[in-house]
Amino acid sequence: MPRPGPCPRHRHSHRSPKHQEAEDARQEAREARRTTDQVADILAAPDARTRSVRLAGGASGTVVVSKERDKAVFVAASMARPPGGKVYQLWFDDGGTMRSAGLLDPGRGAQSVLMVGSVGAATGMGITMEPAGGSEHPTSEPMALMPLPT
């Protein structure tokens, strides 16, 4: 039976599946912590500006933008679970061209999401319902479109 630890010949590890699962869980926790820290940084930024919108079914969404950090966070509340095989997708509006900004977790009605990518020249944002995994370009009518706060 190989011993745990690095293999001197191949420089890889002979770890048990349980050990690998634990390492994967630790990595996921580190990534979640990093994302949470980034969200908190945007929300607390001195130049943070917000804009909110009412969505269908009593849901609401708020976008928080820090131009200094060139990042945005979307805060969703009371979002209905999307139908099976669907997901809510966020978009930056770059002068009429929609650029993907990430996906909402379909299992969570309330969440804060660090929008993917820089705000850049975007002047607005949108939310659509897309096939699971998201789309390169919107494939449905937006549930919401709103200008970014200035």
Side-chain angles (χ1 to χ4, degrees), residues 6 11-13 15-150:
R11 297 184 183 233
H12 65 270
S13 180
R15 294 182 177 161
S16 71
K18 291 267 187 218
H19 182 84
Q20 188 59 49
E21 285 177 26
E23 185 57 37
D24 291 348
R26 282 191 289 275
Q27 180 62 31
E28 285 180 30
R30 282 190 293 270
E31 288 173 19
R33 216 175 5 257
R34 189 171 29 256
T35 299
T36 299
D37 289 348
Q38 289 175 319
V39 166
D41 183 55
I42 302 307
L43 297 178
D47 70 326
R49 300 291 181 264
T50 64
R51 176 148 296 144
S52 297
V53 65
R54 282 270 166 226
L55 302 168
S60 65
T62 300
V63 64
V64 181
V65 176
S66 169
K67 288 287 189 182
E68 182 180 302
R69 288 165 174 73
D70 200 24
K71 291 287 186 183
V73 169
F74 184 76
V75 181
S78 303
M79 295 287 288
R81 183 180 202 96
K86 298 285 186 179
V87 66
Y88 297 116
Q89 188 163 354
L90 304 173
W91 304 90
F92 282 119
D93 181 355
D94 290 326
T97 301
M98 301 307 270
R99 170 173 48 97
S100 180
L103 306 174
L104 296 181
D105 180 340
R108 296 178 53 207
Q111 57 191 296
S112 297
V113 178
L114 179 67
M115 294 176 72
V116 176
S118 63
V119 173
T123 57
M125 66 152 298
I127 307 167
T128 60
M129 190 175 302
E130 301 296 333
S135 301
E136 262 187 60
H137 305 285
T139 62
S140 66
E141 288 299 311
M143 300 170 46
L145 288 172
M146 63 180 168
L148 293 178
T150 54

Pairs touching residues 132-150 that satisfy salt bridge (charged side-chain N to carboxylate O under 4.0 Å, His left out), sequence neighbours left out
none
So how far is it from T50 OG1 to L43 CG, rounded to the nearest 0.5 Å?
10.0 Å
Check T123 against G95 and note the closest heavy-atom contact, atom names and distance.
OG1-N, 4.4 Å
Quick one: closest heavy-atom pair of G134 and L103, and the distance?
CA-CD2, 3.8 Å
Donor-acceptor pairs under 3.5 Å, side chain of residues 70-83 to any protein atom, not counting sequence neighbours: which ones?
| residue | atom | partner | partner atom | Å |
| --- | --- | --- | --- | --- |
| D70 | OD1 | V119 | N | 3.3 |
| D70 | OD1 | G120 | N | 2.8 |

Qualifying residues under side-chain contact (heavy atoms from CB on, under 4.5 Å), relative to T139, sequence neighbours excluded
E130, P131, S135
Find out whether V39 and Q111 are in side-chain contact, i.e. whether some heavy atom of one side chain is under 4.5 Å from a heavy atom of the other.
no
Partner residues of D41 under the side chain to side chain donor-acceptor pair (under 3.5 Å) criterion, sequence neighbours left out
R69
So, taking the atom named OG1 in T128 and the one named OH in Y88, what distance separates them when rounded to the nearest 0.5 Å?
11.0 Å
Which atom names give the shortest non-hydrogen contact between G126 and L145, and what distance separates them?
CA-CD2, 3.8 Å
Checking T62 now: which residues fulfil side chain to side chain donor-acceptor pair (under 3.5 Å) with it, not counting sequence neighbours?
S52
Mind jotting down which residue pairs meet the salt bridge (charged side-chain N to carboxylate O under 4.0 Å, His left out) criterion with at least one end in residues 83-100? Sequence neighbours excluded, please.
D94-R99
Which value, rounded to the nearest 0.5 Å, describes the distance between L148 atom CG and R49 atom CZ?
13.5 Å
Partner residues of S112 under the side chain to side chain donor-acceptor pair (under 3.5 Å) criterion, sequence neighbours left out
none
Smallest separation among heavy atoms of V53 and A144, with atom names:
CG1-CB, 4.4 Å
Can you tell me how far the CD1 atom of I42 sits from the CG atom of D47, to the nearest 0.5 Å?
8.5 Å
